[in-house]
Amino acid sequence: MKIIAIANQKGGVGKTTTAINLSTCLAVAGARVLLLDLDPQGNASSGLGHRAAEGQSLYSVLTGDDPLEGKIQTTRFENLSIIPAQMELAGCEVELVRSANHLVRLREVLEPLKRERRFDYLLIDCPPSLGILMTSALAAADGLLIPMQCEYFGLEGLARIVDIHDQIATSGINPSVTLEGILMTMYDGRTSHCRAVVEEVRRAFADLVYPINIPRSIAVAESQSFEKALLEYDPHGKASQAYKQIAEIFLSRQDPTAAPASAPIPADRSVPTAEALPPPAGVPI
Ligand SMILES: Nc1ncnc2c1ncn2[C@@H]1O[C@H](COP(=O)(O)OP(=O)(O)O)[C@@H](O)[C@H]1O
Ligand SMILES: [Mg+2]
């Protein structure tokens with residue numbers, strides 16, 4: 001089982017949307033997937049129609065002795081299970097700090113699942129803050145998938161999350177965590193600004209950036225309000241099709257006989273700054 005943390009300390013960049021739709025697309029493609037909602041707001045859970053009651057999140061497993069098994073729920077998708085989030089998870093930020101092993105607690109908790117090989121992938125929807133929950137996810141992850149909104153402020157967020165990845169890898173907390181990929185979200189090809197941001201990120205991160213951008217689509221918000229994945233709500237829509245393609249690329253990247261699992265990081269991986277972008281073009285064309 002490979003653990004993928006979907007993380008970016010910036011909020012509103014498409015982490016949860018990616019968690020919901022990548023996990024469902026992977027499951028429909030035949031992979032056995034467990035989605036772990038680690039954001040106390042529980043949007044990935046409610047987005048799939050799994051609003052959790054108190055006691056159903058990972059909270060009591062992380063802070064006590066509750067078994068992990070009792071928290072895993074099946075979903076409408078045959079190959080997809082979920083551990084939903086509930087507000088109680090926020091307590092981990094305070095309570096876990098008190099224990100000596102707080103950064104690796106999540107990794108320890110997930111270890112039996114890793115051995116069992118019951119799931120192929122565990123996707124973690126991380127909260128948007130740089131707290132214990134997100135750090136724990138990175139400490140437990142094999143790979144980090146970074147959704148980034150195609151806009152100017154996204155570049156700063158990207159620089160920060162790449163730094164955090166490097167710190168986790170070099171500090172010894174989790175030396176083997178790789179950058180799984182960068183996914184450009186809410187792409188609108190009609191604006192030159194959007195296109196310029198994507199170009200700059202590709203220049204710095206080359207093949208680490210997924211070749212398909214997730215387009216901006218109203219179907220995303222609509223599907224979430226109906227508590228459905230895009231595959232259920234708007235299967236032929238452009239956002240749904242993009243996530244389907246991302247799932248296929250994701251799976252092909254995991255195939256050891258195909259291209260390297262994690263594309264080599266270019267020597268110059270300095271994150272582009274806003275100065276690298278052309279001046280705003282005014283009215284989008
Ligand atoms: N491709 C998209 N097109 C349009 N709206 C999107 C898209 N992706 C995400 N959104 C919307 O943007 C907001 C933030 O997305 P979300 O996935 O919750 O981000 P995060 O988990 O990083 O905070 C939500 O209201 C969501 O519906
Ligand atoms: Mg979220």
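In listed order, ligands and their atoms are each counted from 1. Quick caveat: nothing in here was measured; it's all calculated off a predicted structure.
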Whether Ala239 lies under 4.0 Å from ligand 1, heavy atom: no
Hey, quick one: are [X] and [Y] part of the same hydrophobic cluster, counting side-chain heavy atoms closer than 4.5 Å, chains of contacts allowed?
X      : Y      : value
Val201 : Met186 : no
Ile6   : Val33  : yes
Tyr121 : Ile249 : yes
Ile161 : Val209 : yes
Ile20  : Leu34  : no

SB check [X] [Y] (cutoff 4.0 Å):
X      : Y      : result
Arg253 : Glu180 : no
Arg105 : Glu95  : no
Arg203 : Glu200 : yes

Metal check, the Mg ion (ligand 2) vs Thr16 N/O/S, cut-off below 2.8 Å: yes
Option whose closest heavy atom lies nearest to [atom], chosen from [options]:
atom                    : options                     : result
atom 23 (O) of ligand 1 : Ala19, Pro147, Gly12        : Gly12
atom 8 (N) of ligand 1  : Met186, Gln9, Lys15, Met148 : Met186
atom 6 (C) of ligand 1  : Val220, Asn213, Asn43       : Val220

So is there a nitrogen or oxygen of [X] less than 3.5 Å from a nitrogen or oxygen in ligand 1?
X      : answer
Pro215 : yes
Ser217 : yes
Val13  : yes
Arg216 : no
Gly14  : yes

Nearest protein heavy atom with distance in Å, relative to atom 9 (C) of ligand 1: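 Minimum-distance protein heavy atom for atom 9 (C) of ligand 1 reads Thr17 OG1, 3.3 Å.
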Which residue and heavy atom of the protein sit nearest atom 18 (O) of ligand 1, plus the separation: Thr16 CB, 3.8 Å
Which of the ligand 1 atoms, numbered from 1, are nearer than 4.0 Å to a heavy atom of [X]:
X      : answer
Ala221 : 27 (O)
Gln224 : 26 (C), 27 (O)
Ile214 : 1 (N)

Between Thr16 and Asn43, a side-chain donor and acceptor under 3.5 Å: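 The criterion, which ignores hydrogens and geometry beyond distance, is not satisfied for Asn43 and Thr16.
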Pair Gln86-Tyr59, side-chain donor/acceptor within less than 3.5 Å: no
Within-cutoff protein neighbour (heavy atom, under 4.0 Å) for atom 13 (C) of ligand 1: no
